[in-house]
Asks: 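One structure, pasted below without further comment.
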Number of protein chains: 2
Amino acid sequence: MYENGYVPPILTVDSIIFQLIENTLNVLLIERQREPFKGYWALPGGYNAAGETTREAMSRVLEAKGGIPVSKLALIEQLYTFDTVARDPRGHAVSVSYMGLGRGLTPQLGNTTQHPRFFPVPHLPKLAYDHAAIISYAHERLRSKLEHTTTCVALLPEAFTLTELQSAYEAVLGHEFDKRNFRKKFLSLDMIEETGDSRREGAHRPARLYRFKSKTIERLVHNFD
Amino acid sequence: MYENGYVPPILTVDSIIFQLIENTLNVLLIERQREPFKGYWALPGGYNAAGETTREAMSRVLEAKGGIPVSKLALIEQLYTFDTVARDPRGHAVSVSYMGLGRGLTPQLGNTTQHPRFFPVPHLPKLAYDHAAIISYAHERLRSKLEHTTTCVALLPEAFTLTELQSAYEAVLGHEFDKRNFRKKFLSLDMIEETGDSRREGAHRPARLYRFKSKTIERLVHNFD
DNA sequence: ACAAAAGTGTTAAGAATACACCCATGT
DNA sequence: ACATGGGTGTATTCTTAACACTTTTGT
């Protein structure tokens with residue numbers, strides 16, 4: 001295959017796709033149809049063949065097994081490369097993982113038999129391989145991105161209320177904020193603006209809608225934590 | 001090689017080794033002996049064969065081409081996986097990069113013909129491939145680690161003066177600190193302690209020596225920047 | 001005595017925290 | 001009229017930033 005005796009290791013990709021559902025952070029999993037870990041849940045992943053970039057492989061695998069077209073994601077970022085032991089029966093493999101963020105994602109089950117589903121991160125099913133560790137690594141990275149940057153553009157709809165914004169932070173960071181302090185601080189960062197509209201829903205005062213001034217992810221002057 | 005037609009891409013590893021020399025951040029480079037980029041300087045890197053973890057491959061290559069035994073490094077951390085184009089004449093390759101930190105490192109030229117040398121980051125020679133971009137990515141990561149953690153344990157000797165500590169920060173972050181504020185803040189973090197000794201050198205008052213209370217890298221309560 | 005780096009405190013401005021009530025709407 | 005979530009201000013504490021002189025040593 002390659003001249004002069006060089007044999008590369010098996011290369012795989014994994015995707016960790018997060019979205020918020022009902023103020024909770026959720027992650028996309030598929031059900032393993034085969035041993036090892038038959039009946040366990042796993043991150044959508046698969047082989048990376050020669051001639052394919054890791055990002056291409058990730059897109060292909062995510063769509064084929066996870067039922068999510070990569071074009072629906074608002075952010076994709078390479079996470080870490082794991083030297084996975086025992087992932088492949090053929091031996092040692094190297095796995096490049098990507099984190100993806102979006103909102104309103106629903107897996108298209110069309111041609112997959114892998115039952116892709118979003119699970120709330122606080123209540124994950126039994127996980128194959130070291131995927132529990134990978135998810136918590138990804139969650140940690142997401143936490144850190146939220147603290148330092150405007151990453152939540154990728155988790156929220158274009159127009160959102162301050163309460164939704166605060167809930168997104170609370171869901172990812174796992175603790176609550178004081179409403180007045182949160183609003184004062186976020187508004188002082190000068191990264192969001194009112195759309196002018198408001199949203200009526202339920203028997204209470206309508207909420208003003210905001211949008212991010214920039215759709216790209218920016219570094220914050222003062223961090224949240 | 002592998003059954004059922006799967007052919008993995010070429011996998012390589014690269015190492016970005018930093019150390020401080022005379023209050024300047026330096027990086028280890030080797031001179032390319034062959035085309036492409038013959039005569040340019042490059043990060044020590046090489047092939048990762050099947051059956052070898054990326055970290056093992058990185059250790060092997062760093063010692064063979066860079067003349068630095070990995071045991072001399074105080075910290076090794078995976079940095080990023082680049083889908084390198086045109087790194088290998090045989091086509092698309094995937095390269096896992098590692099950042100290493102140490103002090104007092106001197107390349108052992110024994111069996112290498114690659115002239116490994118440390119170059120000050122502000123004055124790099126002409127670089128092969130996209131290695132200039134990789135070095136600045138690594139530098140950015142190092143900056144961020146220094147701001148948030150006690151990563152400079154890996155850059156300083158066990159006992160160091162506060163002036164040395166401050167110089168390390170200044171060399172990596174690229175800007176100066178006020179001496180009184182820096183000392184006050186660092187001491188208030190409660191992560192270093194006096195050794196009890198001091199160091200006389202030159203025609204001036206001797207400097208007290210300090211050590212980190214923990215040799216592992218800890219998160220700081222308040223950041224530097 | 002002088003040159004050179006080590007060491008040291010105070011003040012002012014800005015940021016973070018703690019905390020409780022009124023507002024606009026639907027039923 | 002009441003229930004529901006939206007919206008707002010102040011006082012205190014902590015952190016940061018700006019700033020200059022004295023100490024100890026070697027020559």
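Here the structure is a predicted model, which is why all the values come from computation and not from measurement. FYI, side chains are in, hydrogens and waters are out, and symmetry mates aren't considered; it's all heavy atoms of this structure. The sequence lines fix the lettering, A, B, ..., with proteins before strands; numbering per chain opens at 1.
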Asks: Sorted by first residue and then second, give each salt bridge (Lys or Arg N to Asp or Glu O under 4.0 Å) pair with at least one member in residues 161-177 of chain A; sequence neighbours left out.
Replies: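 Output for this query lists Glu164(A)-Arg199(A).
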Asks: Consider salt bridge (charged side-chain N to carboxylate O under 4.0 Å, His left out). Of Glu140(A), Glu218(A), Glu77(A), which one does Lys145(A) pass it with?
Replies: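 Output: one option passes, namely Glu77(A).
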Asks: In whole angstrom, what separates Glu147(A)'s CD from dA16(C)'s P?
Replies: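 In whole Å, dA16(C) P and Glu147(A) CD are 13 Å from each other.
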Asks: Do the side-chain N or O atoms of Thr163(B) get closer than 4.0 angstrom to the phosphate oxygens (OP1, OP2) of dA5(C)?
Replies: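 Checking Thr163(B) against dA5(C): no side-chain N or O falls below 4.0 Å of OP1 or OP2.
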Asks: Which ones in residues 194-203 of chain B lie close to DNA chain D, meaning a heavy atom under 4.0 Å from one of its atoms?
Replies: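 Under 4.0 Å from DNA chain D: Arg200(B), Gly202(B), Ala203(B).
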Asks: I want to confirm an ordering. Mapping His204(B) and Leu162(A) to their closest nucleotides on DNA chain D, which one lands closer to the 5' end?
Replies: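 Nearest-nucleotide comparison on DNA chain D picks Leu162(A).
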Asks: Starting at atom CZ of Phe182(A), determine the distance to atom P of dG7(D), rounded to an integer number of angstrom.
Replies: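 After rounding, the gap between these two atoms is 13 Å.
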Asks: Output one line per pair: protein atom, nucleotide atom from nucleotides 8-12 of chain C, and distance, for all N/O pairs under 3.5 Å.
Replies:
from: dT8(C); atom 1: OP1; to: Arg208(B); atom 2: NH1; distance (Å): 3.2
from: dT8(C); atom 1: OP1; to: Arg208(B); atom 2: NH2; distance (Å): 3.3
from: dT10(C); atom 1: O4; to: Lys184(B); atom 2: NZ; distance (Å): 3.2

Asks: How far apart are the closest heavy atoms of Leu62(A) and Ser15(A), and which atoms are they?
Replies: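 Scanning both residues, the minimum pair turns out to be CD1-OG, 3.7 Å.
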Asks: CG of Asn23(B) versus C1' of dA5(C): gap in Å, rounded?
Replies: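 Interatomic distance, CG of Asn23(B) to C1' of dA5(C): 13 Å.
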Asks: Quick one: Phe160(B) CZ to dA6(C) P, roughly how many Å, whole number?
Replies: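 That distance rounds to 14 Å.
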Asks: Starting at atom NE2 of His222(B), determine the distance to atom P of dG14(C), rounded to an integer number of angstrom.
Replies: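 So the two atoms are 19 Å apart, to the nearest Å.
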Asks: How long is the line joining NZ of Lys185(B) and P of dA18(D), in whole Å?
Replies: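 From Lys185(B) NZ to dA18(D) P: 13 Å.
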Asks: Within this structure, what is the CZ-to-C1' distance between Phe186(B) and dT16(D), rounded to whole angstrom?
Replies: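 Taking atom C1' of dT16(D) as the reference, CZ of Phe186(B) is at 17 Å.
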Asks: Let's go through Tyr129(A) and Tyr40(A) carefully: what are the C-alpha distance in whole Å and the side-chain angles of both, what is the deciding distance for ring-ring contact (aromatic ring centres under 6.0 Å, His included) to 0.1 Å, and is it a yes or a no?
Replies: CA-CA 9 Å; Tyr129(A) 308 113; Tyr40(A) 285 56; 9.4 Å; no
Asks: Phe224(A) vs Phe182(A) aromatic rings, parallel, tilted or perpendicular, using cut-offs 30° and 60°?
Replies: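 Rings of Phe224(A) and Phe182(A): tilted, as their planes differ by 30° to 60°.
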Asks: Taking the six-membered ring for Trp, is the centroid-to-centroid distance between Phe18(A) and Phe118(A) below 6.0 Å?
Replies: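 For Phe18(A) and Phe118(A), the ring centres are not under 6.0 Å apart.
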Asks: With a 4.0 Å cut-off, would you call Asp190(B) and Lys213(B) a salt bridge?
Replies: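 Here Asp190(B) pairs with Lys213(B) in a salt bridge, since their nearest N and O are under 4.0 Å apart.
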Asks: For Pro206(B) and Asn223(A), take the nucleotide of DNA chain C holding the closest heavy atom to each; which residue's nucleotide lies nearer the 5' end?
Replies: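 Looking at the nearest nucleotide for each, Pro206(B) comes out on the 5' side.
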Asks: Students often get this wrong, so: under 4.0 angstrom with heavy atoms, is Thr161(B) touching a base, only sugar-phosphate, or nothing?
Replies: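 Nothing, no heavy atom under 4.0 Å.
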Asks: About how many Å separate OG1 of Thr161(B) and CG of Asp197(B), when rounded to the nearest 0.5 Å?
Replies: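 So the gap between those two atoms works out to 13.0 Å.
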Asks: Can you check the Asp225(B) CG to dA17(D) C1' distance for me, whole Å?
Replies: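 Taking atom C1' of dA17(D) as the reference, CG of Asp225(B) is at 12 Å.
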Asks: Would you call Lys215(B) and Glu158(B) a salt bridge, using N to O less than 4.0 angstrom?
Replies: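 Yes, this pair counts.
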